[in-house]
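What follows is a short report on a single structure.
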Amino acid sequence: MSSPPRKNFLVKSEPSEYSIQQLQQDHHQEWDGVRNYTARNHLNTMKPGDKCFFYHSSCKLPSIVGTCRIARAAQPDQTAVNPKHKNFDPKSTESNRWVSVLVEFEALFETSITIKELRMQATINPVIANMSLLRQSRLSVMPVSDEEWQAVLDLQTRKEQGEDLEQLQQQIQTKEKQRRTKRTEKVAVTTSTS
DNA sequence: GCCAACGTTGGC
DNA sequence: GCCAACGTTGGC
């Protein structure tokens, strides 16, 4: 019996709250405190072995900074029904509606991929452009397709090998601008000679 | 600190 | 079920 195909996700955390460096030290961490239905639904689809990009949000350089694995499927989020916990949800005390998963450290990227780089790449790569991270900026737990997963890893490898992802994009933009200018000039000439 | 893009709440 | 008001997220 073969195991179901691995799925990919992206989880966000403010590094001032909980960073990937902290996860690297802890090895495992209960991913609790998610209080959004869409994000929760994604938590519920997670299975042990699934992979996640770890994203640092609300910081100097918002970036995909590494990866982690799902170590345990979703179970009721105990912090939601604990009145003393900062993530206590008063409306959850009767029937806890929130869940948490257990994540396990996998890798810290040598070079992070910033949201800025992703947005630049999005203009030339439709796979990147379609990522939930760019389309639903407020979602904290989201699926990542195999294609998207690979595209980000490819970017990461290229950056690690010294390629300037923003520089490349600027060159392309300059070329496009030149093409547009040429076209405009051509039109201008055609118009003036007619 | 600003603001856009949402998600949630509650009156009707 | 609609929608206005309000709250939150997160990039900049």
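Proteins come first, then strands; the chains are lettered A, B, ... in the order of their sequence lines, and each starts at number 1.
- In summary, the side chains of Q156(A) and E160(A) do present a donor paired with an acceptor at a separation below 3.5 Å, with no hydrogens or angles considered.
- Side-chain N or O atoms of H56(A) include one that pairs as donor or acceptor with a backbone N or O of I20(A) at under 3.5 Å.
- Side chains of D146(A) and Q150(A): no donor on one and acceptor on the other come within 3.5 Å.
- Under 3.5 Å, the side chains of D32(A) and N87(A) contain no donor-acceptor pair of N or O atoms.
- Crowding of Q22(A) atom CD: a count of heavy atoms from other residues, nucleotides or ligands under 6.0 Å exceeding 12.
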Between protein and nucleotides 5-10 of chain C, map the contacts as a letter string: B base, S sugar-phosphate only, - none, heavy atoms under 4.0 Å, written 5' to 3'.
--BBBB
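- Using a 3.5 Å distance cut-off with no hydrogens or angles, the side chains of Q75(A) and S100(A) do not pair a donor with an acceptor.
- Residue E117(A) contributes atom CD, which lies 16 Å from atom C1' of dC12(C) at whole-angstrom precision.
- Side-chain contact annotation: R35(A) with S140(A), donor-acceptor N/O pair under 3.5 Å absent.
- Residues R72(A) and E30(A) are paired through a salt bridge, judged by an N-O separation under 4.0 Å between the basic side chain and the carboxylate.
- Using a 4.0 Å heavy-atom cutoff across all strands shown, R35(A) reaches no nucleic acid atom at all.
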Might you list the N or O atoms of the protein lying below 3.5 Å from N or O atoms in nucleotides 2-4 of chain C, with each pair's distance?
none

